[in-house]
Amino acid sequence: VQLQASGGGLVQTGGSLRLSCVATGIALDDYDVGWFSQAPGKEREGISCISSAGSSTYYADSVKGRFTISRDSVKNTLYLQMNNLKPEDATVYYCATFKRCTSDYYYLGPLDASSRGQGTQVTVSS
């Protein structure tokens, strides 16, 4: 099982990026999946997730209205469209399988290398 995240980079405040996460060894449709960040020395923070059925999506308050999560079943790829980026959005973004994802709640649970990607760095210049 491998989750390969990409799409990060350097962007100016107000700019956009689209993160991608290609999955191999699992079908993303079978899992609640999403994105989280973890700054050094801090707890993981769920950014956004989507339920396996696609019927529920969760967004952190800080990104509501700016980020959109989506999933392409044919390409087995998860996306995070990030618009109107702010300096505080800068961090490493990881894709992962979530234990639970609803519109107002998520639970990541313990993660091993097979249930999370390697991360992609987003830097936002002011």
Side-chain angles (χ1 to χ4, degrees):
V1 176
Q2 186 176 23
L3 299 172
Q4 184 77 27
S6 62
L10 172 63
V11 65
Q12 291 185 331
T13 296
S16 298
L17 286 173
R18 188 176 79 156
L19 305 184
S20 300
C21 176
V22 179
T24 55
I26 62 169
L28 290 179
D29 285 353
D30 291 343
Y31 296 86
D32 293 358
V33 291
W35 301 87
F36 73 96
S37 66
Q38 186 170 21
K42 294 190 176 182
E43 296 291 321
R44 299 174 305 184
E45 178 186 5
I47 302 299
S48 180
C49 61
I50 183 168
S51 63
S52 57
S55 56
S56 296
T57 54
Y58 167 88
Y59 295 96
D61 287 343
S62 60
V63 307
K64 283 180 180 176
R66 300 187 297 122
F67 290 10
T68 303
I69 192 169
S70 62
R71 182 175 57 205
D72 186 321
S73 301
V74 175
K75 295 182 179 179
N76 206 26
T77 300
L78 180 70
Y79 300 101
L80 186 67
Q81 178 66 44
M82 310 164 71
N83 297 329
N84 191 22
L85 282 160
K86 304 176 181 181
E88 52 263 40
D89 296 321
T91 187
V92 179
Y93 288 77
Y94 300 89
C95 58
T97 55
F98 282 50
K99 294 295 187 289
R100 187 83 171 110
C101 179
T102 70
S103 60
D104 54 10
Y105 169 80
Y106 72 89
Y107 177 57
L108 266 169
L111 296 176
D112 56 25
S114 66
S115 55
R116 60 180 282 176
Q118 85 287 0
T120 186
Q121 176 74 51
V122 171
T123 304
V124 185
S125 63
S126 56

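Counting from 1, the numbers follow the sequence of the chain as shown.
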Using a 3.5 Å cut-off and no angle test, enumerate the donor-acceptor pairs between side-chain atoms of residues 12-29 and protein atoms at least two apart in sequence or in another chain.
from: T13; atom 1: OG1; to: S125; atom 2: O; distance (Å): 2.7
from: S16; atom 1: OG; to: N83; atom 2: OD1; distance (Å): 3.0
from: D29; atom 1: OD1; to: R71; atom 2: NE; distance (Å): 3.2
from: D29; atom 1: OD1; to: S73; atom 2: OG; distance (Å): 2.9
from: D29; atom 1: OD2; to: S73; atom 2: OG; distance (Å): 2.8

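The heavy-atom pair separating C95 from L3 by the smallest distance is SG-CB, 3.7 Å. Between Q38 and K42 the shortest heavy-atom distance is NE2-O, 3.2 Å. Of all the heavy atoms in G109 and K99, the pair that sits closest is CA-CG, 4.0 Å. Residues A96 and L108 approach most closely at CB-CD2, 4.3 Å, considering heavy atoms. Residue Y59 comes nearest to T68 through the heavy atom pair OH-CA, 3.4 Å, listed as atom of the first residue, atom of the second, then distance.
Environment of NZ in K75: sparse, with no more than 12 heavy atoms of neighbouring residues, nucleotides or ligands closer than 6.0 Å. Dense packing is recorded around CD of E88, with more than 12 heavy atoms of other residues, nucleotides or ligands lying under 6.0 Å away.
Residue S52 holds its OG atom at 5.0 Å from CG of D32, rounded to the nearest 0.5 Å. Between the CD1 atom of I47 and the CD1 atom of I69 there is a distance of 10.5 Å, given to the nearest 0.5 Å. How far CG of D89 is from OG1 of T123: 11.5 Å, rounded to the nearest 0.5 Å.
Here the side chains of T91 and E45 are not in contact, with every heavy-atom distance at 4.5 Å or above. Two residues are said to be in side-chain contact when any heavy atoms from C-beta on lie closer than 4.5 Å; M82 and R66 fail this criterion.
In this structure, K64 pairs ionically with D61, as a charged nitrogen and a carboxylate oxygen lie closer than 4.0 Å.
Each of Y106, F67, F98 was checked for a ring pair (Phe, Tyr, Trp, His ring centres under 6.0 Å) with Y58, and the lone residue meeting it is Y106.
Y105 shares a hydrophobic cluster with Y107; the chain of contacts runs through ILVMFWY side chains whose heavy atoms sit under 4.5 Å apart.
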